[in-house]
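Worksheet: the structure to be examined is printed underneath.
Because only heavy atoms are used, hydrogens play no part in the values below, and waters and symmetry mates are left out as well, while side chains stay in.
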Amino acid sequence: MQNASANALVAREAARPTPMADIQKIAQHMARLNVAALPRNYELFHEAIIGLNPGLAQDIAALGSQPQQAMLDELGVKYRLVGHCGLVGETSRNEASRMLRDVAERLAEGLRHKNAFARACSTILKSVSSHEDQSLAAFLSEVDYLSASLTAVLSAEMEIGAKLQEDIKALEVLERGISAMQSATAADKITGLANRIALNRVISELYEREEGAAGSALILVDIDNFAELKDRYGTQAGNKLLKKLAGLFRKSIKKNDFVARTEADEFAFLFSNVGMQDAMAIAERLRASVEDNLVFATSDKVNPDSLTISIGVALSADAATPGQLQANARVALFAAQSNPRQPVQAFGR
């Protein structure tokens, strides 16, 4: 029954619907299951229905109608969806903040015990020095009080120390969880490359450096007619092609360079220490490498389609901000897409 529901969830007509039709379809399915209209739930069902993810679709179907939000969130984390991983990261950070506040309170309590003991010591010393004729019984009484105060301090210290050890271990677990969530949200699920979130982070860091952003080049690569190729040959063939491209692109960069998959059919490169001449040469090599070595794998044994790409190049020296750099590269990419005879275009050239 669950498999049937999952199959029904991912069964799509051959023609791709419009984005508005996608939204309506997802909204209707969520309404049938009484799922809250939250952005992260929309992302979850979009991945299952529009993204044709049968594993996720089956897991959703297994929850039945009116699934609990916590269960949906667990699926989002399992399938590394950005919205859900971000939610977990935020929850982990909040939990870490709460634990640190508790630690601060316990340390303050320990300090209060120490201060009380110090005051007791001071009081007894003054008493002894000012009452030389003090009886032995009175003196022993004060010593007993001091001993009891010291015992209380040591007991509190041991309790605080044990609790701090527990908190440290818990914080380490939270830190690993936050790190895992950050890695998940910065990685593309299909290719394993960095994604747009990671690209934005790297470009922002580039502009925050003291020496500035000059000397880098952003290259955007778009697979021509990728949606049509996927419609013709299927999602699995499309994913296989993306993985092959990712492997090819990994070999095309050096240690200090960066590559990401930013959209369904788009990749981005950030090359350091290059001018426009070098960047254009790199872009041409990328184009030739893809078009000479990759074809779109078919399942119907007809002649495979040649794969072509369009490339836009922009220099960081021509952009004052990270957003402007990405906008310049996109303008160049649009120019390349509109002129198949010149599939590699540079911004402002």
Side-chain angles (χ1 to χ4, degrees), residues 19 22-23 39-40 42-48 50-53 56 76-77 79-90 178-209 213 216-224 226-227 230 235 238-239 241-250 252-253 256-272 279 282-283 286 290 309-316 319-334 336-337 347:
D22 287 344
I23 294 173
R40 65 181 187 273
Y42 173 84
E43 180 187 16
L44 188 73
F45 280 81
H46 185 281
E47 175 69 14
I50 309 305
L52 299 177
N53 189 326
L56 176 56
V77 172
Y79 287 90
R80 293 169 49 182
L81 301 183
V82 172
H84 292 82
C85 290
L87 177 67
V88 172
E90 181 180 354
I178 291 174
S179 178
M181 291 304 101
Q182 289 175 337
S183 298
T185 56
D188 174 57
K189 295 188 294 294
I190 294 176
T191 64
L193 295 177
N195 63 10
R196 177 174 292 282
I197 294 174
L199 174 67
N200 292 341
R201 185 184 305 156
V202 170
I203 295 178
S204 295
E205 291 173 353
L206 173 69
Y207 276 79
E208 290 170 0
R209 292 173 191 164
S216 296
L218 177 62
I219 297 178
L220 296 184
V221 175
D222 182 83
I223 306 172
D224 296 333
F226 183 63
K230 277 182 63 177
T235 299
N239 291 345
L241 174 66
L242 291 171
K243 292 176 182 178
K244 287 185 176 180
L245 275 173
L248 182 64
F249 288 158
R250 282 193 186 94
S252 303
I253 63 173
N256 294 327
D257 299 327
F258 179 85
V259 60
R261 181 187 176 219
T262 54
E263 302 288 350
D265 55 355
E266 184 179 288
F267 295 82
F269 294 82
L270 191 64
F271 290 98
S272 57
I282 291 171
L286 285 172
V290 170
I309 58 175
S310 299
I311 303 179
V313 182
L315 296 183
S316 58
T321 65
Q324 185 179 353
L325 175 61
Q326 295 194 56
N328 291 352
R330 193 156 299 282
V331 168
L333 178 61
F334 287 158
Q337 290 172 318
F347 176 78

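For Ala329, the side-chain contact (heavy atoms from CB on, under 4.5 Å) test picks out Leu218, Leu220, Ala314, with sequence neighbours left out. Under the rule for a side-chain contact (heavy atoms from CB on, under 4.5 Å), the partners of Val202 that lie at least two apart in sequence or sit in another chain are Phe258, Leu270. Considering only residues two or more places apart in sequence or on other chains, Ser272 meets the side-chain contact (heavy atoms from CB on, under 4.5 Å) condition with Ser216, Asn256, Asp257. With sequence neighbours excluded, the residues that form a side chain to side chain donor-acceptor pair (under 3.5 Å) with Asn200 are Gln326. Applying the side chain to side chain donor-acceptor pair (under 3.5 Å) criterion to Glu263, with sequence neighbours excluded, gives Arg196. Remark: Ser204 engages Glu208, Pro322 in a side-chain contact (heavy atoms from CB on, under 4.5 Å) (not counting sequence neighbours).
Nearest approach of Leu286 to Ile309, heavy atoms of both residues: O-CD1, 4.1 Å. The two residues Arg261 and Leu242 make their nearest non-hydrogen contact at NH2-CD1, 3.3 Å.
Lys189 is not listed as a side-chain neighbour of Asn195, based on a closest heavy-atom distance of 4.5 Å or more. Contact of the Glu266 side chain with the Leu333 side chain is registered, since non-hydrogen atoms from C-beta on lie closer than 4.5 Å. Counting heavy atoms from C-beta on, the side chains of Ile219 and Phe267 never come closer than 4.5 Å.
Under the 3.5 Å distance criterion, with hydrogens and angles disregarded, no donor-acceptor pair is assigned to the side chains of Asp222 and Ser310.
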